[in-house]
Protein chains: 2
Amino acid sequence: MPPHKPKSKRVTLLDVARKAGFSPSTVSIVLSEAPLSRYVAAQTKERIRKTAAALGYRPDVFARSLRSRRSNTVGVLVFDISDPFCVFILQGIEKTLHGTPYLPILMDAHNDQKRFAGYLDLLMERRVEGLIVVANWLFDEGELLSTVKAEKIPSVVVGRDTSEKELGSVIVDNEAGGYEVMKHLYELGHRRIAVIRGPDSLRDSQRRWAGMQRFAQESGLELDPRKVRTLPEVLDPTSGFQGGLQATEDLLRTRLKFTALAAFDDLTALGAMRALSAAGRSVPQDCSMVGFDDVPMAGFCTPGLTTIRQPMEEMGGTATKRMLDALAASETEVSPDLQLLPPTLVLRDSTAPVRGKDA
Amino acid sequence: MPPHKPKSKRVTLLDVARKAGFSPSTVSIVLSEAPLSRYVAAQTKERIRKTAAALGYRPDVFARSLRSRRSNTVGVLVFDISDPFCVFILQGIEKTLHGTPYLPILMDAHNDQKRFAGYLDLLMERRVEGLIVVANWLFDEGELLSTVKAEKIPSVVVGRDTSEKELGSVIVDNEAGGYEVMKHLYELGHRRIAVIRGPDSLRDSQRRWAGMQRFAQESGLELDPRKVRTLPEVLDPTSGFQGGLQATEDLLRTRLKFTALAAFDDLTALGAMRALSAAGRSVPQDCSMVGFDDVPMAGFCTPGLTTIRQPMEEMGGTATKRMLDALAASETEVSPDLQLLPPTLVLRDSTAPVRGKDA
DNA sequence: TCGTTGAGTGAGAAGGCTATCACAAAGACC
DNA sequence: GGTCTTTGTGATAGCCTTCTCACTCAACGA
C-alpha cells in the first residue's frame with residue numbers, strides 16, 4: 001500500500017462537487033436527475049457525470065432517504081414461500097420491479113399470523129412505499145389484511161380475492177378455470193366425473209365449483225353429488241396431497257364408477273394419483289385426471305398432469321404494475337378492484353378419451 | 001378528524017426527549033441500548049421508555065443508518081429462486097436471521113450472470129453488512145464469486161464448493177451421499193446398477209461419483225462403464241429432467257440390463273422415471289430408482305422417490321450463523337473453509353429388493 | 001485541600017444528501 | 001429602458017440520529 005491515509009473514506013457528493021468545480025446542489029441535481037436538471041447546461045452535466053464516474057462516486061442511500069423522505073423500497077410479504085405457487089408470482093414481481101427505482105424487500109410469514117404481523121411492522125419501520133401481499137390458500141389471514149389496509153400505503157394482494165376488504169387484488173379467473181376443466185373432460189367423452197373440491201370456506205374453491213356447475217348445466221352433464229368430495233379445512237402445507245389421497249380412497253370405497261377426476265389443485269391431483277395407483281388403477285387409462293395451478297411438479301411427474309394454468313408470473317407483474325401506478329400518482333392506495341386473469345388449459349398425459357363401454 | 005394540524009409528522013427522538021424532560025443524547029442512549037446506557041439511572045430509563053411508547057415513537061432507520069454507518073441488513077443473492085432446492089435454504093436463512101437485528105434483502109439472479117453482477121452491485125449500494133450467496137448447479141458463476149470476494153464484507157456461499165476461491169461455503173457431503181446411494185441399492189441386492197452422473201465440470205457431480213466408486217471398491221461391486229451416462233453441460237432450468245430422460249432412453253437402447261438406476265439428482269430421476277414408464281418398465285418392480293436432494297416433488301410423485309436428502313434448511317442456517325459470527329467479531333470475511341453437512345437416506349417407494357433371476 | 005474516580009446527563013457536531021430559495025445573466029416584450 | 005421570463009448555478013437549511021466530549025456532583029484517598 002502506498003503511504004496514503006488509510007482512511008479510505010467513501011467519496012461523497014461534496015468530493016465530486018469540489019473536483020468538478022460546481023456546487024453540491026448542482027451536482028445533486030444532475031446526478032439524481034431531478035426535474036431541475038432540465039435547466040442545467042449539457043456540458044455541465046457531462047462534466048459532473050464524468051468526474052463522478054472517475055471518482056467512483058456512489059450516492060449514500062441513507063442520507064438520500066433521510067433527506068428525501070423516500071425509501072425506494074416496496075415490501076413483498078409472502079404467506080409461505082415454500083408454496084411452489086408463490087415462486088413464479090415472485091418472479092413476476094421481481095421482473096416488473098427491475099428497472100424501476102424500487103427494491104423489493106421480501107418477507108416470508110411461514111403461514112404464521114404472528115410472523116406476518118411482525119414482518120408487516122418491520123416493513124413499515126423500514127418505510128416501504130408500497131406493499132404486495134402474496135397469498136396462498138393454506139393461510140387463514142384473519143384480520144391481518146385489515147391491518148395492511150390500515151397502513152396508508154398502496155397495497156395489493158395477489159392470489160386471493162380480497163375485494164370485500166376493500167383491498168386491490170389480482171387472481172386467476174377461477175370460475176373460468178373450473179368451466180375449462182369440465183369442458184375438457186366432457187369433450188374427451190367423460191360423463192362420470194368425480195370432483196374433489198377445495199375447502200368450503202375458500203372463495204377460490206367456490207368459484208371453481210361454480211364454473212364446473214355452469215358447464216354441467218350448459219351441456220346437460222350430470223354431476224353426481226355422491227362423487228363430489230370436499231377437502232377439509234386444515235392448514236398445513238401438505239394437506240392438499242393428503243386430502244386428495246384420502247378423498248380418492250374414499251371415492252374408491254364407494255365403488256361408484258368414475259372415468260375422470262377433477263381435483264381442486266395440482267397437489268390434490270398428485271395425492272389422488274397416488275391413491276389410484278395404490279388401488280391398481282392407472283392414469284389416464286382407467287381414470288383421467290385434471291389439476292389446477294400448473295405448478296412445476298405437474299410437468300415432472302409421470303404421467304404429466306393435465307391442468308389449468310394460472311398465469312402466475314403475469315399475476316405478480318400485474319399486481320406490481322398496479323402498485324407502481326398508484327405510487328406514480330402518489331396515491332395512498334391501490335383501487336380496491338378485483339382483477340381476474342384468464343387461465344389456460346395445459347394438456348399433458350393424465351387425460352385421455354374415455355374408453356371401454358363408457359365410450 | 002379533530003382540528004389538529006393535519007401535518008401528522010412522525011414522532012422523533014427530539015419529541016420524546018422534550019416530553020420526557022431529558023436531552024436527546026440520553027434518550028438515544030437509552031432507546032438504542034448503547035453501552036453507555038449502563039450509567040443511566042434505572043428510573044430515567046423507565047421514564048424515557050414509557051414516554052417513547054406513549055408517543056408511539058419509532059426510530060428513523062435512515063437517520064440511524066446514516067449516523068451509525070450500519071445498515072442492519074444482509075444481502076441474500078440467489079442464483080435461481082425457482083429451483084426448489086433453494087427455497088428451504090432460504091427458510092433456514094430467514095429463521096436464523098429472525099430475532100437478530102439483521103434484515104435480509106433477497107435478490108434473484110434468474111440464472112443470469114449480468115443480473116447477478118447487477119444485484120450484487122445494488123446490494124453493496126444498499127450497504128449490506130454481510131452476504132449469503134445461494135448457489136445451484138445450473139449456474140455457471142464464472143468470475144462472479146471473485147467479485148463477491150472482492151467486496152470487503154463477510155460472505156458465505158451455500159450449495160457450492162467454493163473453497164478454491166477462498167470463500168467460505170456450506171454444502172452437503174456429496175461423497176457420503178454417493179456412497180449411501182450405492183450402499184442402499186447394494187443392500188437391496190442390486191448388482192447391475194446404471195448411473196446418470198451430473199455434468200463433468202461440476203464438483204458436486206465429481207464427489208458423488210467418487211462416493212459411489214468408493215462403495216463399489218469396498219464392496220467389490222462392479223460399475224459397468226457402459227451403464228454410466230453423464231448429463232450435458234447445459235444450463236437451463238429443466239435440463240435435469242430432460243437430461244435424465246434422454247440418458248435413460250439411451251441406456252435402454254443399449255439393451256444392457258440394469259435393475260437399478262442412481263440419478264444425479266431428483267429431477268434427473270424424475271426424467272428417468274418418465275423414460276422408463278414410456279418403455280413400459282415400472283418403478284420399482286422392474287427398476288429401482290434413487291435421486292438426490294429430496295426436493296418436495298420427490299415426496300409427491302408416484303411412486304414416491306427414494307433419495308438422499310440434503311439438509312437444506314440446516315445448510316442455510318449454518319451459513320447464516322457463520323456470517324453472523326464474522327459480523328459479531330467485526331471481521332471482514334468469513335473463514336474460507338468448506339463445511340460439509342451429512343446427508344440422509346430417505347426411503348420411499350422407488351426402490352425395492354431386486355427380484356427375478358437377479359435375486 | 002487537592003486531585004481523582006465514577007455515575008449520570010447534556011451540548012454540539014457531524015453524517016451525506018436534497019429542497020428551497022435566491023441570484024445572475026440573457027433574451028423577449030411592451 | 002424597465003419588466004418579465006427562461007436558463008443556469010449557488011447558499012443555506014435542514015432530515016433525525018448517534019457520537020464525542022465535556023460537565024456536574026458526590027465520594028474518596030492522600
Side-chain angles (χ1 to χ4, degrees), chain A residues 7-49 51-52 55-72 101 125-127 129 330, chain B residues 7-49 51-52 55-73 101 124-127 129 330:
Chain A
K7 54 191 333 192
S8 123
K9 282 193 44 170
R10 289 173 59 85
V11 227
T12 75
L13 186 135
L14 195 65
D15 298 329
V16 179
R18 270 199 284 259
K19 186 97 171 188
F22 290 94
S23 76
S25 322
T26 308
V27 176
S28 167
I29 286 166
V30 170
L31 293 182
S32 58
E33 304 190 48
L36 274 173
S37 68
R38 278 191 308 126
Y39 299 135
V40 176
Q43 58 168 351
T44 305
K45 285 191 205 170
E46 175 76 6
R47 174 111 141 266
I48 288 176
R49 274 199 260 267
T51 49
L55 292 178
Y57 168 71
R58 317 191 79 183
D60 182 316
V61 282
F62 302 118
R64 173 176 282 185
S65 288
L66 174 59
R67 180 66 241 240
S68 67
R69 322 256 57 194
R70 312 199 48 201
S71 66
N72 290 312
E125 190 154 348
R126 292 275 169 171
R127 302 271 272 284
E129 298 181 38
S330 35
Chain B
K7 53 191 333 191
S8 124
K9 283 194 41 172
R10 288 174 57 87
V11 200
T12 76
L13 186 133
L14 195 65
D15 298 329
V16 178
R18 270 200 284 260
K19 186 96 171 187
F22 290 95
S23 76
S25 323
T26 308
V27 175
S28 168
I29 287 167
V30 170
L31 293 182
S32 58
E33 305 189 45
L36 274 173
S37 69
R38 279 190 307 125
Y39 298 135
V40 176
Q43 58 169 349
T44 304
K45 287 192 205 171
E46 174 77 5
R47 174 113 141 266
I48 287 176
R49 276 200 258 266
T51 48
L55 292 178
Y57 168 72
R58 315 191 81 183
D60 182 317
V61 282
F62 302 118
R64 171 175 285 182
S65 288
L66 173 59
R67 183 66 244 241
S68 66
R69 321 256 59 191
R70 314 199 47 201
S71 66
N72 290 311
T73 56
M124 296 314 297
E125 191 154 348
R126 293 275 170 172
R127 302 270 271 286
E129 299 181 37
S330 35

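Below, chains carry the letters A, B, ... as their sequence lines are ordered, and counting in each starts from 1.
In this structure, B:Leu14 and B:Pro24 approach most closely via the heavy-atom pair CD1-CG, 3.6 Å. Summarising the geometry of B:Ile48 relative to B:Val30, their closest heavy-atom pair is CD1-CG2, 3.8 Å, with the distance given to 0.1 Å. The heavy-atom pair separating A:Arg126 from B:Pro101 by the smallest distance is NH2-O, 4.3 Å. Between B:Arg58 and A:Glu125, the shortest heavy-atom distance links the atoms NH2-OE1, 3.2 Å. Of all non-hydrogen atoms in A:Val16 and A:Leu55, the two that sit nearest each other are CA-CD1, 3.9 Å.
Looking only at distances, no side-chain donor or acceptor of A:Ser37 sits under 3.5 Å from a matching main-chain atom of A:Val40. Looking at B:Ser65, its side chain never comes within 3.5 Å of a backbone N or O of B:Phe62 through a donor-acceptor pair.
Among the atoms of the strands shown, only primed sugar atoms or phosphate atoms (P, OP1, OP2) are found under 4.0 Å from some heavy atom of A:Ser32.
Set against D:dT9, D:dG14, C:dG15, the side chain of B:Ala63 has C:dG15 as its closest nucleotide. The side chain of A:Ser23 lies closest to D:dG10, out of C:dG15, D:dT18, D:dG10. In the set D:dT12, C:dT9, C:dG16, C:dT9 carries the atom at the smallest distance from any side-chain atom of B:Thr44. In this structure, the nucleotide among D:dT17, D:dT18, C:dG15 sitting nearest to the side chain of A:Leu66 is C:dG15.
Distance CZ (A:Phe62) to P (C:dC17): 12 Å, rounded to an integer number of Å. D:dG14 atom C1' lies 16 Å from atom CZ of B:Arg67, rounded to whole Å. Per the geometry, CG belonging to B:Leu31 stands 14 Å off P belonging to C:dT9, to the nearest Å. B:Phe22 places its CZ atom 9 Å from the C1' atom of C:dT9, with the value rounded to the nearest Å. Taking atom CD1 of residue B:Ile48 and atom C1' of nucleotide C:dT9, one finds them 10 Å apart after rounding to whole Å. Regarding A:Asn72, its CG atom lies at a distance of 14 Å from the P atom of C:dC17, rounded to whole Å. The nearest whole Å value for the distance from the CD atom in A:Glu33 to the P atom in C:dC17 is 16 Å. If you measure from atom CZ of B:Arg69 to atom C1' of C:dG16, you get 8 Å, rounded to the nearest angstrom.
Between B:Thr12 and B:Arg18, the closest side-chain pair of non-hydrogen atoms is not below 4.5 Å. At least one side-chain heavy atom of B:Tyr57 sits less than 4.5 Å from a side-chain heavy atom of B:Leu31. Side-chain contact between B:Arg127 and B:Thr73: absent, with no pair of heavy atoms (C-beta onward) separated by less than 4.5 Å.
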Distances for protein N/O vs nucleotides 3-6 of chain D N/O pairs under 3.5 angstrom?
none

Which atom pairs link the protein and nucleotides 21-26 of chain D when you take only N or O atoms and keep those under 3.5 Å?
none

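If A:Ile29 and B:Pro24 are placed on DNA chain C by their nearest nucleotide, the residue sitting closer to the 5' end is B:Pro24. The residue among B:Ser25 and A:Arg58 whose nearest nucleotide of DNA chain C lies closer to the 5′ end is B:Ser25.
Phosphate contact (OP1/OP2 of C:dT18, side-chain N/O of A:Arg64, threshold under 4.0 Å): present. Side-chain nitrogen and oxygen atoms of B:Ser28 include at least one within less than 4.0 Å of the OP1 or OP2 phosphate oxygen of D:dT18.
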